[in-house]
Asks: 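Structure in structure tokens, see below.
Reminder, nothing fancy here: chain letters follow the sequence lines and each chain counts from 1.
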Amino acid sequence: MPEFFEEEEEGEEEDKLPDIEAEEVKMRMAPYPSGPLHIGNARMVLLNDEYVKRNDGTLVLFYDDTIGSETKRLLPEAYDMIKEGLEWLNVEWHETYYKSQRMDIYYKYGKKILEMNEAYVCECSQESLREKRERGEVCEHRDRPGEENLELWDRMLDGEIEEGDAVMRLKTDMEHPDPAFRDRVLFRISKNEHPKVGKKYSVWPLLEFSWAVDDHLLGMTHILRGKDLVIEDRMEEYIWDLFGWEKPEFLHYGMLRLKDINLSKSEFQRKMAEGEFDSWEDLRTWSLQSLRRRGIQPEAVRDFILDFGMSETDIEVAPSKLYSKNREIIDPEANRYFFIPDPVKIELIGDIKPDKAKIARHPSDPDRGYRELQVGKEVYIPRKEFDEYQGEEIRLKNFCNVELDGKEGKITGFENKDILKIQWLLDGLDVKVERPDATLEKGIGEKNLLETEPGDIVQFERYGFVKVQEKDPFLVTFGHR
RNA sequence: GCUCCUGUAGUGUAGUUCGGCCAACCAUCUUGGCCUCUCGAGCCAAAGACACGGGUUCGAAUCCCGUCGGGAGCACCA
């Protein structure tokens, strides 16, 4: 009887996503390739993936690579970095598309909507457009005859009109109570160079229009997006109604912020250009690649994200939550080693009995055996404990107890006592630890570290989990405590 | 200002659809204790919340009204 209940409980755990009711599920994730995916984008990606997997559906990777803006630039290498991030997260997708490859489709429907007289070419300046929108005023371009619209549209496409001089706008309602919904722009002119199609196109759709077309054409059943994009729902619905198309369902999730962490791809792009960051793997970017470097496991990211469910509340969560998920995964795997940050040498006073110290590679798994440490009269200990425990008795773990007196340590015994135990080393490798803020912490690590390989995640006792990067000058990246 | 969304412990969530089984779940964090020769892990325990005010009702976290708070949109970015 008890077994019966236990089983039931386990089956119910971790199900924070509301079910979706549909026979068929097709969803899409639409990253904008301005940089690699970061922890924030992971929410969009993983929720899509999770829903599709649960419903045995189809997932589309759709690069939302329209031309962007000054502040949001396309980055040619981002396409592959995004793919790499998705693979790392074990996201499975079935089809891949690029907005930049579908321009003719958008033009076709753009023309159609113009012919239906549901849109118009507007030659207002950006400022006057904004002001009129604010006041709910109609501009003189709104009622121009259809032929004139089509003619101007052709001239836009031919590149005869300069950037900023004309846009195509949807005729929603300039007096709509929601100012955000007043005659939004559908297409605009940009003569910037695109990493995939160069200067072939000078008219680019905005996301509301391209999505309205593609979500229909590709047969999306559910559209998952952040709360910040809800107005796009209504834009899409408006356009679908115009064309008489069926409507997919919308799902929303709230904004996610990491406490004290800035996740701005455009800002990182700038810092990259200015040379402040030298790679997208820089630990400060929080890109998936950087998390991988830190030894964060993709499963930890997934657990972390799915734990928020589909709530539309805005959340601010501390990174320690991610770390605890990760620790769960790596703690049983990571072997233990000694690392002395900022070492101070002390001299031991008294007789030394054993000539070697034996310490388990993993305290919970004796099968992994022991590592041996040479003992001697002069040992290094971390400066922190050296400073804080003067005059007190502490234990050099698995070796001896000492009473600190300046740079001397008087040996008081060898038995294991219930006092502070710290790491120590007679000698060792120079080790550098790359911290999440990109600073390097120097210290010495035990020579047994040479038995590890790059990519291994180990724990520096009393210091934290690190991932081995290079062995020659020994370099590790810090994950978390 | 206008439009939309949202308010359960420090943090994040379950419960809100169909009011009672909720003196409110789980995780994390914190604090004690046990265990362990790590400040890691494990085990045990404690602490901690229904934003506020009205109303409906025998009964409200759940329904209604109001107030207050938080967020987003009002870009020729996504």
Side-chain angles (χ1 to χ4, degrees), chain A residues 9 12-16 18 30-34 64-74 99 122 124-126 129-130 133-134 136 163-169 176-182 184-190 203-204 206-208 210-211 225-234 252 254-257 259 265-266 303-304 306-309 311-318 320-325 327-328 330-332 334 336 338 357-360 362-365 385 395-399 401 415-423 459-465 480-481:
Chain A
E9 268 172 37
E12 280 176 27
E13 101 184 312
E14 275 314 318
D15 216 22
K16 292 184 178 167
Y32 179 75
S34 60
D64 206 348
D65 62 340
T66 52
I67 198 73
S69 68
E70 301 271 319
T71 47
K72 246 180 185 162
R73 287 174 195 285
L74 291 166
K99 283 254 177 90
C122 177
C124 287
S125 70
Q126 210 167 141
L129 193 155
R130 193 195 319 126
R133 171 138 59 209
E134 208 172 293
E163 212 168 302
D165 288 350
V167 293
M168 189 202 287
R169 297 174 73 185
H176 196 282
D178 181 356
F181 203 66
R182 294 172 188 163
R184 284 179 77 93
V185 173
L186 261 24
F187 286 90
R188 43 71 197 249
I189 296 168
S190 171
V203 175
W204 291 87
L206 272 77
L207 84 168
E208 29 264 86
S210 55
W211 279 126
R225 53 169 54 124
K227 242 173 49 160
D228 51 329
L229 256 29
V230 281
I231 191 169
E232 313 307 338
D233 295 9
R234 288 194 283 148
H252 301 125
M255 311 305 289
L256 168 66
R257 256 182 301 277
K259 199 170 187 331
K265 279 198 275 191
S266 30
D303 285 354
F304 172 70
L306 261 24
D307 202 40
F308 306 134
S311 97
E312 282 191 52
T313 341
D314 303 306
I315 54 188
E316 182 173 69
V317 68
S320 58
K321 192 109 179 177
L322 173 64
Y323 302 153
S324 79
K325 297 276 187 197
R327 197 180 297 119
E328 245 173 67
I330 63 175
D331 180 77
R336 269 60 171 169
F338 278 174
K358 274 178 71 185
I359 314 176
H362 195 292
S364 319
D365 184 6
E385 280 76 13
R395 177 163 174 81
L396 306 184
K397 198 182 167 218
N398 296 74
F399 177 25
N401 309 320
E415 77 287 0
N416 182 20
K417 274 171 95 174
D418 193 16
I419 50 177
L420 178 76
K421 297 172 188 74
I422 66 166
Q423 71 276 41
Q459 189 205 46
F460 284 170
E461 293 196 45
R462 310 206 324 124
Y463 182 81
F465 293 92
H480 48 80
R481 293 204 76 127

Asks: Can you sort out the partners of A:Asp165 under salt bridge (Lys or Arg N to Asp or Glu O under 4.0 Å), two or more places apart, ordered by chain and number?
Replies: none

Asks: Using a 4.0 Å heavy-atom cut-off to protein, can you give one letter per nucleotide of nucleotides 3-11 of chain B, 5' to 3': B if the base is in contact, S if only the sugar-phosphate is, - if neither?
Replies: S-BS----B

Asks: So, the side chain of A:Arg73 versus the backbone of A:Ser69: is there a donor-acceptor pair under 3.5 Å, distance only?
Replies: no

Asks: Closest to the A:Lys325 side chain: B:rA78, B:rA27, B:rU28?
Replies: B:rA27

Asks: Among the nucleotides B:rU28, B:rU38, B:rG12, which one has an atom lying closest to any side-chain atom of A:Lys421?
Replies: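 Nearest listed nucleotide: B:rU38.
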
Asks: For the P atoms, the ones on B:rA23 and on B:rA60, what distance do you get once it is rounded to whole angstrom?
Replies: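 My reading of the P atoms in B:rA23 and B:rA60 gives 11 Å.
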
Asks: Determine the Euclidean distance between corresponding P atoms of B:rA47 and B:rG53; express it in Å to zero decimal places.
Replies: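 The answer is 25 Å between these two P atoms.
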
Asks: Where each residue is assigned the nucleotide of RNA chain B containing its nearest heavy atom, which of A:Lys72 and A:Ile359 is assigned the position nearer the 5′ end?
Replies: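 Its nearest nucleotide lies further toward 5', so the answer is A:Ile359.
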
Asks: Roughly, in whole Å, what's the span from CG in A:Leu322 to C1' in B:rG12?
Replies: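 To the nearest whole Å, that distance equals 13 Å.
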
Asks: Would you please name every residue forming a side-chain contact (heavy atoms from CB on, under 4.5 Å) with A:Tyr32, sequence neighbours left out?
Replies: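 A:Tyr32 satisfies side-chain contact (heavy atoms from CB on, under 4.5 Å) with A:Ser34, A:Lys72, A:Leu74 only.
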
Asks: If I take atom CG in residue A:Leu229 and atom C1' in nucleotide B:rA75, what distance separates them, rounded to the nearest angstrom?
Replies: 13 Å

Asks: Return the set of residues passing ring pair (Phe, Tyr, Trp, His ring centres under 6.0 Å) with A:Tyr323 (not counting sequence neighbours), or none when no residue passes.
Replies: A:His480

Asks: Does A:Leu420 reach a base, just sugar-phosphate, or nothing at all? Heavy atoms under 4.0 Å.
Replies: nothing

Asks: By the 4.0 Å heavy-atom rule, please label A:Phe465 as base, sugar-phosphate, or nothing.
Replies: sugar-phosphate

Asks: Has the side chain of A:Asn401 got a donor or acceptor atom that lies under 3.5 Å from a matching backbone atom of A:Glu415?
Replies: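 Yes.
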
Asks: Between B:rC65 and B:rC76, how many Å separate the two C1' atoms, rounded to a whole number?
Replies: 43 Å

Asks: Quick one: A:Trp204 CH2 to B:rA75 P, roughly how many Å, whole number?
Replies: 23 Å

Asks: Write down the protein N/O and nucleotide N/O pairs, taken from nucleotides 41-49 of chain B, whose separation is under 3.5 Å; answer none if there are no such pairs.
Replies:
from   : atom 1 : to       : atom 2 : distance (Å)
B:rA41 : OP1    : A:Arg327 : NH1    : 3.2
B:rA41 : O4'    : A:Asp331 : OD2    : 3.2

Asks: Relative to A:Trp204, does A:Lys99 satisfy both conditions: NZ or CZ under 6.0 angstrom from the six-membered ring centre, and within 45 degrees of the ring's axis?
Replies: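 Geometry flag: not set, cation outside 6.0 Å or 45°.
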
Asks: Of all residues at least two apart in sequence or in a different chain, which pass the salt bridge (Lys or Arg N to Asp or Glu O under 4.0 Å) check with A:Arg395?
Replies: none

Asks: A:Thr66 near the nucleic acid: base, sugar-phosphate alone, or nothing, with a heavy-atom cut-off under 4.0 Å?
Replies: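 A:Thr66: backbone/sugar contact only, no base atoms under 4.0 Å.
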
Asks: Check every atom of B:rA78, B:rC37, B:rA75 against the side chain of A:Tyr32 and return the nucleotide holding the closest atom.
Replies: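 So the nucleotide nearest the side chain must be B:rA78.
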
Asks: For a quick check of understanding: with a heavy-atom distance under 4.0 Å over all strands, which category does A:Val167 fall into, base, sugar-phosphate or nothing?
Replies: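 Base contact - A:Val167 has a heavy atom under 4.0 Å of at least one base atom.
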
Asks: Without decimals, in angstroms, what is the distance between A:Lys397 NZ and B:rU36 P?
Replies: 13 Å

Asks: Could you check whether any side-chain N or O of A:Asp64 sits under 3.5 Å from a backbone N or O of A:Pro31, counting only pairs where one atom can act as donor and the other as acceptor?
Replies: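 The answer is no, because no donor-acceptor pair under 3.5 Å joins these two groups.
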
Asks: Excluding sequence neighbours, so at least two apart, what forms side-chain contact (heavy atoms from CB on, under 4.5 Å) with A:Glu316?
Replies: A:Arg257, A:Lys259

Asks: Listed by chain and number, what are the side chain to side chain donor-acceptor pair (under 3.5 Å) partners of A:Thr66, not counting sequence neighbours?
Replies: none

Asks: What residues form a side chain to side chain donor-acceptor pair (under 3.5 Å) with A:Arg133, not counting sequence neighbours?
Replies: none

Asks: Requiring both pairing distances under 3.5 angstrom, list the stems that contain RNA chain B and are made of three or more consecutive Watson-Crick or G-U pairs.
Replies: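 Runs of three or more consecutive pairs: B:1-7 with B:68-74, B:10-12 with B:26-28, B:30-34 with B:42-46, B:51-55 with B:63-67.
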
Asks: Is a donor-acceptor pair below 3.5 Å formed from side chain A:Arg395 to base B:rC37, judging by atom type as modelled?
Replies: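 Yes, the side chain and the base share a sub-3.5 Å donor-acceptor pair.
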
Asks: Indicate, with a heavy-atom threshold strictly under 4.0 Å, whether A:Gly68 touches base, sugar-phosphate, or nothing.
Replies: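 It contacts sugar-phosphate atoms only.
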
Asks: For A:Phe187, which residues count as a ring pair (Phe, Tyr, Trp, His ring centres under 6.0 Å) partner, sequence neighbours excluded?
Replies: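 Result, ring pair (Phe, Tyr, Trp, His ring centres under 6.0 Å) vs A:Phe187: A:Trp153, A:Phe209.
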
Asks: Measure the distance from CD on A:Gln459 to P on B:rU38 and round it to the nearest whole Å.
Replies: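 Atom-to-atom, A:Gln459 to B:rU38, this comes out as 10 Å.
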
Asks: So, using ring pair (Phe, Tyr, Trp, His ring centres under 6.0 Å) as the criterion, who are the partners of A:His252 when residues are at least two apart?
Replies: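 Not a single residue meets the ring pair (Phe, Tyr, Trp, His ring centres under 6.0 Å) criterion with A:His252.
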
